[in-house]
Amino acid sequence: MPLIRLENVTLDFPLVSTKSRKAALQSQSPGTAVGGQLAAAQSGQLRVRALEGLSLSLNPGDRLALIGHNGAGKSTLLRVMAGLYAPTQGQAVVVGRVAPLLNLSFGLDMEATGLDNIFVRGLFLGMSRAEIKEKLNSIAEFSELGEFLDLPMRTYSSGMRARLAFAISTHVDADILLLDEVVATGDAAFFRKASQQLENVASQAKILVLASHSNKVLRGLCNKAVLLEHGRLKAIGAVDEVLEAYKSASV
């Protein structure tokens with residue numbers, strides 16, 4: 001059974017200690033709105049604490065919204081769930097096939113053709129070659145790139161690259177779907193098409209975790225939410241309740 005269990009997860013990013021960074025540490029205000037927490041480790045090395053003491057359990061049927069200011073730890077938490085970051089302290093247990101739609105450019109080779117990149121990114125996302133071949137035509141059709149798929153990706157515009165990456169990512173059959181503001185791509189017509197595809201994929205996943213600044217998207221796709229502040233979990237509950245808590249905290 002798919003699940004996500006985070007137990008007292010803390011994640012530190014060490015920094016090279018410099019006078020300027022030490023000065024930033026000394027002058028940091030607890031009310032700073034952006035970024036994690038700057039502090040000195042026991043060794044004296046300066047580090048950024050991106051997540052601190054975070055515990056959370058998700059089971060099939062959970063659709064979790066991640067809410068918080070820029071730098072609150074939303075994207076970092078998604079990367080912990082995806083297995084891209086290992087906690088400095090605590091434990092992260094993730095069971096099930098994960099589709100991380102976090103960085104649409106990751107896993108793409110600019111010198112390879114669009115068709116080759118379907119295989120490259122598909123394999124990166126955990127698809128088998130047989131599965132990619134089975135879905136190749138559907139991915140190509142959804143991307144609307146036509147003959148450009150035979151050209152190197154360095155000839156693509158940023159929007160074309162995003163289209164292809166999105167098309168590949170949303171053809172993964174996943175138990176757990178992790179999303180980080182990935183729909184804003186392409187023209188208006190493709191945006192509507194991508195939004196519908198995203199809703200279809202989200203409805204099929206057993207567990208969904210979504211970071212977005214769009215309250216409409218969060219309300220439409222999620223049934224619970226957490227509020228993050230400087231890497232700490234400040235509130236958990238129904239989406240509207242947590243959005244209201246975030247609004248009150250921001251005033």
Side-chain angles (χ1 to χ4, degrees), residues 2-11 29-37 48-82 85 92 94 98-104 166 169-170 174-185 188 191-192 194-251:
L3 61 86
I4 297 176
R5 295 279 188 277
L6 305 181
E7 299 178 2
N8 199 32
V9 167
T10 294
L11 179 64
S29 167
T32 301
V34 178
Q37 306 163 68
V48 173
R49 175 151 290 178
L51 299 174
E52 181 173 9
L54 200 152
S55 295
L56 184 67
S57 296
L58 297 176
N59 298 297
D62 284 334
R63 303 286 191 260
L64 181 69
L66 301 183
I67 298 170
H69 56 74
N70 289 330
K74 303 185 297 296
S75 296
T76 302
L77 178 55
L78 285 169
R79 281 160 174 74
V80 169
M81 292 177 175
Y85 294 156
V94 179
V98 179
L101 276 69
L102 308 179
N103 184 339
L104 289 180
F166 183 87
S169 299
T170 53
D175 299 312
I176 300 170
L177 185 61
L178 308 176
L179 304 173
D180 192 3
E181 296 277 21
V182 296
V183 188
T185 180
F191 179 86
R192 289 191 294 271
S195 297
Q196 183 60 55
Q197 175 75 350
L198 186 57
E199 290 181 11
N200 293 338
V201 174
S203 67
Q204 295 171 16
K206 303 293 191 304
I207 297 173
L208 168 70
V209 186
L210 168 63
S212 175
H213 289 288
S214 170
N215 293 350
K216 180 180 179 180
V217 171
L218 295 177
R219 289 189 176 103
L221 293 179
C222 300
N223 56 22
K224 61 195 303 185
V226 297
L227 173 61
L228 296 177
E229 183 178 297
H230 302 300
R232 301 189 186 102
L233 197 157
K234 302 297 291 186
I236 184 168
V239 176
D240 283 332
E241 292 176 358
V242 176
L243 284 173
E244 185 61 32
Y246 178 46
K247 180 180 178 181
S248 299
S250 302
V251 173

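- Among all heavy-atom pairs drawn from Ala65 and Leu218, the shortest one is CB-CD2, 3.6 Å.
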Report task. Any chance you could lay out the side chain to side chain contact (heavy atoms under 4.5 Å, CB included) test for Met81 and Leu56, step after step, and finish with the verdict? Result -> CA-CA 11 Å; Met81 292 177 175; Leu56 184 67; 3.9 Å; yes
Requested in this report: Take Leu64 and Ile4 through the test side chain to side chain contact (heavy atoms under 4.5 Å, CB included) and record every step on the way to the result.
Outcome: CA-CA 11 Å; Leu64 181 69; Ile4 297 176; over 6 Å; no
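- The backbone N or O of Gly53 lies less than 3.5 Å from a partner atom in the side chain of Thr10, making a donor-acceptor pair.
- Every pair passing salt bridge (charged side-chain N to carboxylate O under 4.0 Å, His left out) that includes a residue from residues 235-246 is listed here, sequence neighbours excluded: Arg219-Asp240.
- For the pair Lys74 (side chain) and His69 (backbone), a donor-acceptor distance under 3.5 Å is present.
- The two residues Leu177 and Leu101 come nearest to each other via the heavy atoms CD1-CD1, 3.7 Å.
- At a threshold of 4.0 Å, the pair Arg232-Glu229 does not count as salt-bridged, since none of the basic side-chain nitrogens sits closer than that to a carboxylate oxygen.
- Residue Leu179 forms a side chain to side chain contact (heavy atoms under 4.5 Å, CB included) with just one option from Leu198, Val217, Val209, and that option is Leu198.
- Residues Ala225 and Ile67 share a closest heavy-atom pair of CB-CD1, 3.8 Å.
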Query raised in the report: Going through the checks in order, is the side chain to side chain contact (heavy atoms under 4.5 Å, CB included) test met by Asp175 and Ile207?
Result: CA-CA 6 Å; Asp175 299 312; Ile207 297 173; over 6 Å; no
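- Using modelled atom types, one finds a donor on one side chain and an acceptor on the other under 3.5 Å when comparing Ser75 with Asp180.
- Between Leu233 and Leu227, the closest side-chain pair of non-hydrogen atoms is not below 4.5 Å.
- For Leu102 against Leu178, the heavy-atom pair with the smallest separation is CD2-O, 3.8 Å.
- Of all heavy-atom pairs spanning Leu78 and Leu66, the tightest one is CG-CD1, 3.8 Å.
- Gln204 and Asn200 are not linked by any side-chain donor-acceptor pair at a separation below 3.5 angstrom, with hydrogens and angles left out of the test.
- In plain terms, the two heavy atoms of Ala92 and Leu6 that are nearest each other are CB-CD2, 3.6 Å.
- Without hydrogens or angle criteria, Ser55 side chain to Asn8 main chain gives a donor-acceptor distance under 3.5 Å.
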Report task. Could you walk me through whether His213 and Asn70 pass the side chain to side chain contact (heavy atoms under 4.5 Å, CB included) test, one step at a time? Result -> CA-CA 9 Å; His213 289 288; Asn70 289 330; 3.1 Å; yes
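- Evaluation of the salt bridge (charged side-chain N to carboxylate O under 4.0 Å, His left out) rule for Arg63 yields no partner, not counting sequence neighbours.
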